Amino acid sequence: DMYFNGDNSEVALKLFDKFHSRNLVMWGTVISNCARSGFPRKALDLYIAGFKHGFLDSVTLLAALRACSSLVLNREGKAIHGMAVKLGFSHDTFIGTALIDMYSKCKDMVSARNAFLTLSVKDDVSWSSLISGYAQNECWDDAVKAFYKMHHHHQIKPNAVLIACLLSICARVFTNLQCKEIHSYIIRHGFDANALVNNSLLAAYSKCGDLGSARTVFWGMDNKDEVSWNSIMLALGQHGHIDEVFKLFKRMKETGTKPDHQTFTAILSACSHTGRVAEGLEYFRSMSEEHMLKPKLEQYTCLVDLLGRAGYLEQAYELIMTMPHPPD
RNA sequence: CCGGGACUUGGAGG
C-alpha cells in the first residue's frame with residue numbers, strides 16, 4: 001500500500017509477485033490500488049487470479065467492479081454482479097454503489113436503477129452515483145428528480161461531490177440562475193473553500209455565458225489546482241479572450257502549477273478559434289520540448305484545426321497523415 | 001489491526 005501511495009505501482013506489483021504467503025488483505029490492497037491508479041486491466045487479471053486461489057471478498061469484488069466501470073466492460077461487470085449475488089454481497093451499500101456506477105458507465109441505466117432500488121441502505125454516495133449516472137447518460141429529468149427525492153424526501157444533504165455533479169448539469173442544461181442558486185447554497189453550507197466545488201462552479205458559470213461570475217469564483221480561490229487553471233483558460237478561450245489566456249498560462253507556471261494535456265488543449269483550441277497560428281504552433285512545440293508532455297490525439301487535432309481554419313489546408317492534411325496517432 | 005464505492009476541467013462539426 002505504501003508503494004502504491006508513493007506512486008511506485010511497479011515496485012508494489014513486483015513485491016506482491018515475490019511474496020509466497022499472500023493473504024486476503026494483500027490481494028485486496030493490490031487489486032484496489034490497481035483499479036484506482038490506472039491499471040484496471042491488471043486489477044481484473046489479479047481479481048481472477050485471486051479468485052482462483054480462493055481469495056475473494058467484498059473488497060476485491062468492489063475493485064473488480066471499479067475496473068469494469070473504467071474499462072466499460074458490460075459483460076464482465078454483469079458476471080461480477082452475479083458473483084456478488086451468489087456470495088450474498090448484493091445488498092452491501094458499497095458493492096451496490098459500485099454496481100450503479102458500473103452500469104451507468106455501460107449506459108445501462110435500467111440495471112443501474114435496479115441496483116439502486118435493491119439497496120437496503122442508500123447513503124449519499126449511492127444517491128450521487130445514481131444522479132451522476134443519469135447525468136452522464138443525459139437523462140437530465142431523471143437526474144433532477146432523483147436529486148429532489150434525495151434532498152426533500154429522504155433528507156440527505158448534498159455533499160461536495162454531488163454539488164459538483166449538479167453544477168455540471170447546470171452547465172449543460174440550465175442557466176446562470178440555477179448556478180447562482182447553487183452558489184448561494186455553497187456559501188450557506190460552507191463549501192466555498194472546496195476546490196472541487198469551486199472548479200465546477202466556475203465552469204458552470206462560464207458555460208452558462210456568465211464569464212464575469214466565473215472570473216470572480218476563480219480569483220476568489222486560494223487553493224487553485226490544475227483543473228482551476230485549465231477551466232478558467234478554457235472559459236476565456238471559449239469567450240474569445242485569447243490574450244488573457246496567454247497571460248494566465250504564464251501566471252499558472254509562475255505559481256508553480258504544472259500545465260498538463262488539458263491545459264494545452266485549452267490554449268490550442270483558443271488559438272485556433274482566433275486564428276493565432278504562430279502562437280499556437282509555438283505552444284504546441286513547447287508542449288513536448290519544455291513541458292515534457294507527449295501530445296495526444298486531442299492536441300494534434302487542435303493543431304490540424306488551427307491550420308485548416310487559417311487556410312493552410314495542405315499542411316493540415318500533411319499533419320493528419322504524419323502524426324503519430326491514427327486519425328479518427 | 002491492515003485493503004474498499006460516487007464527482008469537477010479536455011479536440012472538430014452540428
Side-chain angles (χ1 to χ4, degrees), chain A residues 1-2 4-5 23-36 43 55 57-66 69 89 92-102 104-105 112 115-116 119 122-133 135-136 158-171 194-204 206-207 214 218 224-235 237-238 259-273 295-306 308-309 316 320 325 327-328:
Chain A
D1 201 24
M2 184 191 77
F4 274 113
N5 286 324
N23 63 32
L24 187 53
V25 173
M26 288 164 65
W27 281 94
T29 305
V30 171
I31 298 174
S32 300
N33 275 296
C34 285
R36 237 183 319 112
F55 294 107
D57 68 351
S58 63
V59 174
T60 63
L61 260 172
L62 193 61
L65 283 174
R66 187 180 171 135
S69 164
F89 290 128
D92 179 299
T93 304
F94 277 35
I95 296 282
T97 301
L99 284 169
I100 298 167
D101 176 59
M102 185 275 293
S104 300
K105 295 273 157 50
F116 177 79
L119 285 179
K122 301 168 173 62
D123 65 8
D124 54 338
V125 181
S126 326
W127 280 99
S128 86
S129 186
L130 180 73
I131 293 168
S132 121
Q136 280 159 17
N159 60 24
V161 170
L162 184 61
I163 292 174
C165 229
L166 296 173
L167 284 166
S168 76
I169 294 176
C170 285
N194 185 302
L196 169 69
V197 167
N198 281 324
N199 291 342
S200 315
L201 184 60
L202 93 83
S206 164
K207 295 240 168 72
F218 175 78
K224 303 180 189 64
D225 59 13
E226 45 286 307
V227 175
S228 322
W229 290 97
N230 292 348
S231 302
I232 194 67
M233 288 170 64
L234 186 77
Q238 283 171 343
D260 60 13
H261 285 88
Q262 306 187 35
T263 313
F264 284 96
T265 306
I267 297 186
L268 293 171
S269 159
C271 288
S272 161
H273 288 102
K296 299 186 194 177
L297 179 61
E298 284 86 342
Q299 286 74 240
Y300 276 101
T301 306
C302 285
L303 203 57
V304 169
D305 185 60
L306 176 77
R309 207 182 285 271
I320 293 176
H325 303 277
D328 65 0

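This one's a predicted model, so the numbers in the text were calculated from it and none came from an experiment. So you know, we letter chains A, B, ... as the sequences are listed, proteins then strands, and number each from 1.
Looking only at atom types and distance, the side chain of A:S104 has no donor-acceptor partner in the side chain of A:D101 under 3.5 Å away. A:T97 and A:S129 are not linked by any side-chain donor-acceptor pair at a separation below 3.5 angstrom, with hydrogens and angles left out of the test. A side-chain donor from one of A:T265 and A:Q299 sits under 3.5 Å from a side-chain acceptor of the other. One side chain, A:N199 or A:D225, offers a donor N or O that lies under 3.5 Å from an acceptor on the other. With hydrogens and angles left out, the side-chain atoms of A:S272 and A:D305 include a donor and acceptor closer than 3.5 Å.
Residue contacts shown for A:D57 include a base, since a base heavy atom lies under 4.0 Å away. Contacts of A:S126 with the nucleic acid, taken as non-hydrogen atoms under 4.0 Å apart, include base atoms. Nucleic acid contact class of A:N194 (heavy atoms, under 4.0 Å, all strands): none. A:S58 comes within 4.0 angstrom of a base, heavy atoms only. Here A:T263 lies out of heavy-atom contact (under 4.0 Å) with every strand. A:T265 comes within contact range of the sugar-phosphate backbone alone, with a heavy-atom separation under 4.0 Å but no base atom that close. The residue A:H273 sits close only to the backbone: its heavy atoms come under 4.0 Å of sugar-phosphate atoms, none of a base. Residue contacts shown for A:K105 are limited to sugar-phosphate atoms, with no base heavy atom under 4.0 Å away. Using a 4.0 Å heavy-atom distance criterion, A:D124 is classed as making no nucleic acid contact. A:K207 comes within 4.0 angstrom of the backbone, heavy atoms only, and of no base. Within 4.0 Å (heavy atoms only), A:A98 reaches sugar-phosphate atoms of the nucleic acid but no base atom. Heavy atoms of A:D123 sit under 4.0 angstrom from at least one base atom. Residue A:N33 is out of contact with every strand shown, counting any heavy-atom pair closer than 4.0 Å. A:L24 comes within 4.0 angstrom of a base, heavy atoms only.
Qualifying ring pair (Phe, Tyr, Trp, His ring centres under 6.0 Å) partners for A:H325, counting only residues two or more places apart in sequence or in other chains: A:Y300. Looking at residues two or more places apart in sequence or on another chain, you find a ring pair (Phe, Tyr, Trp, His ring centres under 6.0 Å) between A:F218 and A:W229. Qualifying ring pair (Phe, Tyr, Trp, His ring centres under 6.0 Å) partners for A:F89, counting only residues two or more places apart in sequence or in other chains: none.
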Response to the item:
Its dot-bracket string being built from Watson-Crick and G-U pairs below 3.5 Å, with | for another strand and [ ] for crossing, RNA chain B has the pattern ..............
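Put simply, chain A comes within 4.0 Å of RNA chain B, heavy atom to any atom, from B:rC2 to B:rG13, going 5' to 3'.
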Under 3.5 Å, which donor-acceptor pairs do the side chains of residues 161-170 of chain A form with other protein atoms, sequence neighbours left out?
{"from": "A:S168", "atom 1": "OG", "to": "A:C165", "atom 2": "O", "distance (Å)": "2.8"}

